Amino acid sequence: MKKIIAAACAAAFLLSAGCSAFPNESSPVILKESVPPAAEDKAYTPINYKEQVGMWLPYVRFPEIMQGKSEEQFRKAIRELLQDAAAENVNTLYFHAHPMGDAYYRSEIFPKGNFLDGDYDPMQIVIDEAHKLGISVHGWINPLRLQTDDEMKMLPDDYIVRKWIDNGEPFVRNVNGRWFLSPSYPETVELIEAAVGELLENYNIDGVHIDDYFYPSTDEEFDRDAFEKSGSTDLVQWRTENVSRYVKAIYDKVKSFDKRLLFGISPQGNINSDYTSQYADVRRWSSEEGFCDYIVPQLYFGFENECCPFLQTLAQWEELVKDGVVTLIAGLAPYKLGREDKWAGAAGELEWINQPDIIDRQIAAVKNSSADGYALYY
């Protein structure tokens with residue numbers, strides 16, 4: 001981890017004088033200035049930062065740090081990863097607790113994740129080690145994505161999703177060999193809330209985080225029956241409302257537990273695609289209270305990207321959050337360094353290869369913007 005961070009963006013975090021990426025970032029604060037009286041009854045005081053320097057820890061890293069590892073080996077790997085991150089001013093970790101209908105925490109609802117073959121609790125270890133360093137931990141979940149068809153057949157018959165499939169319920173749909181919850185049903189929203197509830201009730205997390213896996217398909221057949229029964233006539237608007245309904249349900253679940261906890265969303269960076277392929281109403285979420293505390297658009301574009309040049313796209317997101325309802329964190333992509341970007345057009349195809357300082361310059365641009373931080377995906 002240290003080598004990765006050092007090579008990709010050691011200089012990036014040190015662009016301004018001193019080591020601080022943003023002023024006052026070493027002091028945890030609550031994004032909402034007022035702390036409700038009910039929060040005083042909570043035994044745990046969440047750690048959160050107004051100026052985030054975030055980092056995703058996705059399930060794709062778990063084979064390296066978790067699979068085949070003892071509890072002691074996993075703890076050592078996490079400790080080293082977090083120490084290296086903290087040395088580079090990372091203050092917020094998005095830990096992939098519920099990536100595909102599974103659990104990398106102690107769950108009474110979902111099966112244990114495939115990469116967890118030891119009898120220990122990764123979530124608790126991550127929280128313990130992160131909090132020692134003053135790093136905030138947000139439980140990252142994918143609300144709709146489930147197991148593959150082959151994986152589902154291996155799961156116990158009493159797994160609720162397996163029951164739904166066996167009973168022919170419409171709550172889950174298969175898309176290209178993988179199962180997904182259909183968000184148009186109250187039963188699926190309740191299951192999403194239950195996943196969030198397990199994290200809130202059993203762990204001292206500082207927030208909940210979701211990324212850009214909203215609707216899994218634009219195919220009209222995905223939820224045709226539910227749409228026809230709804231009485232709606234506009235499929236796009238209906239699906240958009242379905243997504244906003246479960247996003248708000250997560251927000252309300254978090255806030256009902258403790259208003260000091262944060263809920264954040266990381267949608268696609270291309271605003272148009274959020275609507276046309278994901279049915280994600282990012283304009284509403286960014287301008288209307290009650291959907292999220294912070295938004296982390298995945299601005300995984302170079303400066304020369306022909307579709308979404310970085311500076312122009314960052315400015316679009318600044319415009320979305322200008323009313324101050326939510327905090328803007330710019331999602332950056334150091335994982336692209338040294339790679340060809342086939343979707344960037346001719347002008348930007350080799351930018352990530354030819355310009356190794358691209359992340360450094362993007363962080364500098366974020367610091368000069370109205371955004372309150374950035375997050376890194378390696």
Side-chain angles (χ1 to χ4, degrees), residues 42-44 46 57-59 62 66-67 69-71 74-75 78 93-131 137-167 169-173 178-183 185-211 213 246-247 249-258 261-263:
K42 302 295 182 181
Y44 174 68
L57 182 53
Y59 77 95
F62 292 173
M66 184 186 302
Q67 192 170 30
K69 301 294 193 297
S70 66
E71 178 175 350
F74 176 72
R75 184 180 293 275
I78 286 296
L93 182 75
Y94 315 131
F95 175 70
H96 221 164
H98 179 66
M100 289 177 287
D102 51 5
Y104 289 93
Y105 61 94
R106 301 292 192 192
S107 175
E108 295 183 0
I109 304 172
F110 302 98
K112 187 166 68 170
N114 289 338
F115 300 124
L116 177 56
D117 46 15
D119 187 22
Y120 56 88
D121 187 343
M123 186 85 198
Q124 189 60 58
I125 292 172
V126 167
I127 291 172
D128 290 344
E129 297 300 327
H131 284 173
V137 178
H138 294 195
W140 170 15
I141 73 168
N142 292 111
L144 304 183
R145 185 174 61 181
L146 300 168
Q147 291 85 356
T148 66
D149 195 38
D150 289 340
E151 289 169 340
M152 192 67 71
K153 292 174 183 176
M154 302 295 291
L155 296 177
D157 293 340
D158 60 355
Y159 173 37
I160 185 170
V161 176
R162 176 72 186 273
K163 285 183 177 180
W164 286 347
I165 294 171
D166 291 345
N167 293 335
E169 301 287 359
F171 313 141
V172 284
R173 302 287 293 176
R178 181 176 291 282
W179 291 93
F180 291 86
L181 296 179
S182 178
Y185 297 95
E187 289 85 351
T188 58
V189 176
E190 289 172 5
L191 185 60
I192 293 168
E193 291 179 290
V196 175
E198 285 193 314
L199 294 174
L200 295 173
E201 293 162 11
N202 298 322
Y203 298 94
N204 287 334
I205 57 174
D206 306 292
V208 174
H209 181 90
I210 64 174
D211 62 0
Y213 282 87
Y246 81 72
V247 166
I250 297 174
Y251 177 89
D252 290 345
K253 184 74 173 181
V254 171
K255 296 303 179 179
S256 67
F257 185 81
D258 188 338
L261 297 174
L262 302 183
F263 174 51

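If you read the sequence from its start, that first residue is 1, and numbering goes on from there. Since this is a predicted model, take the numbers as computed values, not measurements.
Counting only N and O atoms by type, the side chains of Y105 and E198 include a donor and acceptor under 3.5 Å apart. The closest side-chain donor-acceptor pair between Y59 and D102, if any, does not fall under 3.5 angstrom.
Between Y44 and H131, the ring planes lie parallel to each other; the angle is under 30°, not in the 30° to 60° tilted range. Taking the six-membered ring for Trp and thresholds of 30 and 60 degrees, Y159 and F110 have ring planes more than 60 degrees apart, a perpendicular arrangement. Ring orientation note: the planes of F115 and Y104 are close to parallel, at an angle under 30° on the 30°/60° scale.
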Next on the checklist: Walk me through whether L116 and M66 qualify under side-chain contact (heavy atoms from CB on, under 4.5 Å).
Outcome noted: CA-CA 6 Å; L116 177 56; M66 184 186 302; 3.8 Å; yes
Next on the checklist: Evaluate H209 against F95 for side-chain contact (heavy atoms from CB on, under 4.5 Å), listing each step before the verdict.
Outcome noted: CA-CA 9 Å; H209 181 90; F95 175 70; over 6 Å; no
Checklist entry - Does the side-chain contact (heavy atoms from CB on, under 4.5 Å) test come out yes or no for I125 and E71, once each step is laid out? => result CA-CA 9 Å; I125 292 172; E71 178 175 350; 3.8 Å; yes
Checklist entry - What's the verdict on side-chain contact (heavy atoms from CB on, under 4.5 Å) for L146 and L181, showing C-alpha distance, side-chain angles and the deciding distance? => result CA-CA 7 Å; L146 300 168; L181 296 179; 3.8 Å; yes
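Of the charged side-chain nitrogens involved, none lies within less than 4.0 Å of a carboxylate oxygen, so that K163 and D157 do not count as a salt-bridged pair.
At least one side-chain heavy atom of V161 sits less than 4.5 Å from a side-chain heavy atom of M152. In this structure, F263 and V247 have side chains that are in contact, with non-hydrogen atoms separated by less than 4.5 Å. You'll find the side chain of E190 stays beyond 4.5 Å of the side chain of Y185, heavy atoms only.
For E201, the CD atom is densely surrounded, since the number of other residues' heavy atoms within 6.0 Å is greater than 12.
With sequence neighbours left out, the side chain to side chain contact (heavy atoms under 4.5 Å, CB included) criterion links Y213 to N142, R145, D211. With sequence neighbours excluded, the residues satisfying side chain to side chain contact (heavy atoms under 4.5 Å, CB included) with V189 are E193, Y246, A249.
Legend: salt bridge (charged side-chain N to carboxylate O under 4.0 Å, His left out) pairs involving residues 110-128, not counting sequence neighbours, sorted by first then second residue: R106-D119.
For the pair T188 (side chain) and S182 (backbone), a donor-acceptor distance under 3.5 Å is present.
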